[in-house]
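Here the structure is laid out as structure tokens; the discussion comes afterwards.
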Amino acid sequence: MGKNKLSKFREMETIDFVFQYPFARLQEEGFPLRGEWHTDFFDNSNPIVLELGCGKGEYTVGLARRFPEMNFIGVDIKGARMWKGATAARNEGLKNVAFLRTNIELIDRFFAPDEVSRIWITFPDPQMKKTRKRLTSTRFMELYRHILLNGGEIHLKTDSPFLYTYTREMTRVNKLDIITDTDDLYHSNLASDILSIRTFYEQQWLDRGLTIKYLSWKLDHDTRLTEPDIEIEHDTYRSFSRGLVNELSPIVD
């Protein structure tokens with residue numbers, strides 16, 4: 001591990017709104033703020049919004065700046081990436097921000113039922129060969145139900161035609177209540193203040209001429225979810241850091 005990463009990890013340990021819980025500790029002690037985020041951390045009853053796979057935390061911090069009446073928590077397993085957003089929030093003195101370093105599969109260990117109002121999923125890996133790893137799959141919808149209010153909102157921003165098509169079909173098949181749907185956000189009339197926050201990777205894709213897709217829907221607690229049965233053409237590219245994909249063969253992490 002490089003010295004730069006080590007220094008970022010050390011700095012993250014000094015920021016009191018960054019929570020890094022190793023799995024062994026989580027198994028042994030549980031997470032003390034589960035069910036108590038409003039009272040014991042934020043000290044208010046404002047809605048809690050999660051950004052899953054927050055990366056550098058640009059969206060988490062950007063939303064927190066614009067909406068002081070809401071609480072925002074960025075979740076990612078990559079601590080070195082999260083450092084940028086965490087230090088920005090600290091330097092700006094934002095009081096409605098936290099960061100949580102964990103696997104998203106463990107999210108219900110950190111939040112109690114009905115504790116979260118909205119979930120943002122910003123530019124996740126589309127996982128074209130692994131449905132179970134797709135953050136918009138029915139497997140993850142069931143997980144989100146454990147922590148979301150009944151009828152809580154889920155928002156997806158993605159550059160991936162594959163993930164957009166899959167997720168749109170997932171919501172259609174399960175008759176979920178779609179709030180907003182566009183396959184070209186920045187050429188629509190939806191590019192509002194909240195949607196115009198651009199992450200580092202989003203700007204890369206825009207610079208390459210890719211369109212940004214946006215889909216939001218409500219998730220109730222009762223609908224029996226079914227995986228869509230649909231053939232979808234794979235994306236033919238990946239982000240700069242992962243290189244380009246040759247023809248239709250996706251790179252799978």
Side-chain angles (χ1 to χ4, degrees), residues 50-60 62-63 74-78 81 103-105 107 118-141 143-144 153-174 176 178-188 190-192 194-217 219 225-253:
L50 305 185
E51 183 193 4
L52 302 183
C54 69
K56 296 176 183 289
E58 298 105 320
Y59 226 83
T60 299
L63 289 171
V75 182
D76 207 303
I77 194 60
K78 300 289 189 181
R81 293 180 188 170
N103 287 307
I104 293 170
E105 288 89 343
I107 198 69
R118 298 177 189 172
I119 290 175
W120 279 85
I121 306 170
T122 49
F123 303 96
D125 188 323
Q127 295 290 350
M128 290 180 281
K129 284 188 174 180
K130 298 180 180 180
T131 304
R132 282 179 55 81
K133 288 192 172 185
R134 248 171 251 160
L135 293 186
T136 59
S137 69
T138 55
R139 174 197 174 207
F140 277 93
M141 293 301 110
L143 180 61
Y144 304 152
E153 298 177 7
I154 300 181
H155 299 254
L156 171 71
K157 282 182 80 176
T158 181
D159 60 291
S160 167
F162 177 92
L163 185 63
Y164 168 72
T165 302
Y166 164 81
T167 307
R168 193 179 187 208
E169 184 67 8
M170 186 278 296
T171 59
R172 187 195 68 79
V173 165
N174 291 293
L176 300 180
I178 295 177
I179 303 168
T180 308
D181 177 10
T182 177
D183 63 357
D184 190 355
L185 175 61
Y186 294 114
H187 288 92
S188 74
L190 298 171
S192 64
I194 188 172
L195 291 171
S196 63
I197 302 169
R198 298 184 184 182
T199 70
F200 172 78
Y201 293 109
E202 179 176 6
Q203 192 58 55
Q204 282 189 330
W205 290 315
L206 287 168
D207 290 345
R208 292 168 69 178
L210 302 178
T211 59
I212 303 303
K213 299 92 172 69
Y214 171 59
L215 185 68
S216 62
W217 63 97
L219 182 63
L225 299 176
T226 303
E227 269 297 314
D229 182 13
I230 182 175
E231 292 290 328
I232 307 173
E233 183 178 358
H234 283 186
D235 300 335
T236 57
Y237 69 93
R238 295 301 292 272
S239 63
F240 286 115
S241 59
R242 292 180 179 137
L244 296 175
V245 172
N246 292 324
E247 297 179 352
L248 297 180
S249 301
I251 297 172
V252 178
D253 294 337

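Residues: numbered from 1 along the sequence shown. Small disclaimer: the values here were computed from a predicted structure and weren't measured.
Listed for the Arg139 side chain is a donor-acceptor partner under 3.5 Å among the backbone atoms of Arg132. Side chain of Ser216 to main chain of Thr180: a donor-acceptor pair is present (N/O by atom type, distance under 3.5 Å, no hydrogens or angles). Checked by atom type and distance alone, the side chain of Glu153 never pairs as donor or acceptor with a backbone atom of Ile119 at under 3.5 Å. With hydrogens and angles disregarded, no donor-acceptor distance shorter than 3.5 Å links the side chain of Asn103 to the backbone of Glu105.
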Could you walk me through whether Arg168 and Asp181 pass the salt bridge (charged side-chain N to carboxylate O under 4.0 Å, His left out) check? CA-CA 8 Å; Arg168 193 179 187 208; Asp181 177 10; 2.7 Å; yes
Passes side chain to side chain donor-acceptor pair (under 3.5 Å), Glu169 versus Tyr164? Steps please. CA-CA 9 Å; Glu169 184 67 8; Tyr164 168 72; over 6 Å; no
Could you walk me through whether Ile178 and Leu215 pass side-chain contact (heavy atoms from CB on, under 4.5 Å), step by step? CA-CA 8 Å; Ile178 295 177; Leu215 185 68; 4.1 Å; yes
Under the side-chain contact (heavy atoms from CB on, under 4.5 Å) rule, what do Ser137 and Glu227 come out as? Steps first, then yes or no, please. CA-CA 7 Å; Ser137 69; Glu227 269 297 314; 3.7 Å; yes
Kindly determine whether Tyr166 and Thr131 satisfy side-chain contact (heavy atoms from CB on, under 4.5 Å), including the steps that lead there. CA-CA 10 Å; Tyr166 164 81; Thr131 304; 4.0 Å; yes
Please determine whether side-chain contact (heavy atoms from CB on, under 4.5 Å) holds for the pair Ile154 and Tyr144, giving the CA-CA distance in whole Å, both sets of side-chain angles, and the decisive distance to 0.1 Å. CA-CA 9 Å; Ile154 300 181; Tyr144 304 152; 3.7 Å; yes
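Asp76 and Gly53 make their closest contact through OD2-C, 3.3 Å (heavy atoms, listed as atom of the first residue, atom of the second, distance). Between Thr138 and Thr226, the shortest heavy-atom distance links the atoms CG2-O, 3.7 Å. Taking every heavy atom of both residues into account, Gly74 and Cys54 meet most closely at C-SG, 3.7 Å. In this structure, Lys157 and Leu185 approach most closely via the heavy-atom pair CE-CD2, 3.8 Å. Residues Leu163 and Ser160 approach most closely at N-OG, 2.9 Å, considering heavy atoms. Shown here for Leu176 and Leu225, the closest heavy-atom pair between the two residues is CD2-CD2, 4.3 Å.
One finds the OG1 atom of Thr60 at 9.0 Å from the CG atom of Leu52 (value rounded to the nearest 0.5 Å). With rounding to the nearest 0.5 angstrom, the CD atom of Glu233 is 10.5 Å from the CZ atom of Phe162. Interatomic distance, CD of Glu58 versus CG of Leu63, reported as 11.5 Å (0.5 Å rounding). To the nearest 0.5 Å, atom CD1 of residue Ile230 and atom CZ of residue Arg172 are 7.5 Å apart. Here the straight-line distance linking atom CE of Met141 with atom CG of Leu135 works out to 8.0 Å at 0.5 Å rounding. With values rounded to the nearest 0.5 angstrom, Leu206 atom CG is found 6.0 Å from Tyr186 atom OH.
Between the side chains of Lys213 and Thr211, at least one donor N or O lies within less than 3.5 Å of an accepting N or O. In this structure, a donor-acceptor pair under 3.5 Å is present between the side chains of Thr122 and Glu51.
Relative orientation of the Trp120 and His155 rings is parallel, given thresholds of 30° and 60° on the angle between their planes.
Remark: Arg134 is not positioned above the aromatic ring of Phe140, lacking an NZ or CZ atom under 6.0 angstrom from the ring centre and at most 45 degrees off the axis.
Checked options Thr158, Ile104, Leu156, Leu50; the residue passing with Ile121 is Leu156 (criterion: side-chain contact (heavy atoms from CB on, under 4.5 Å)).
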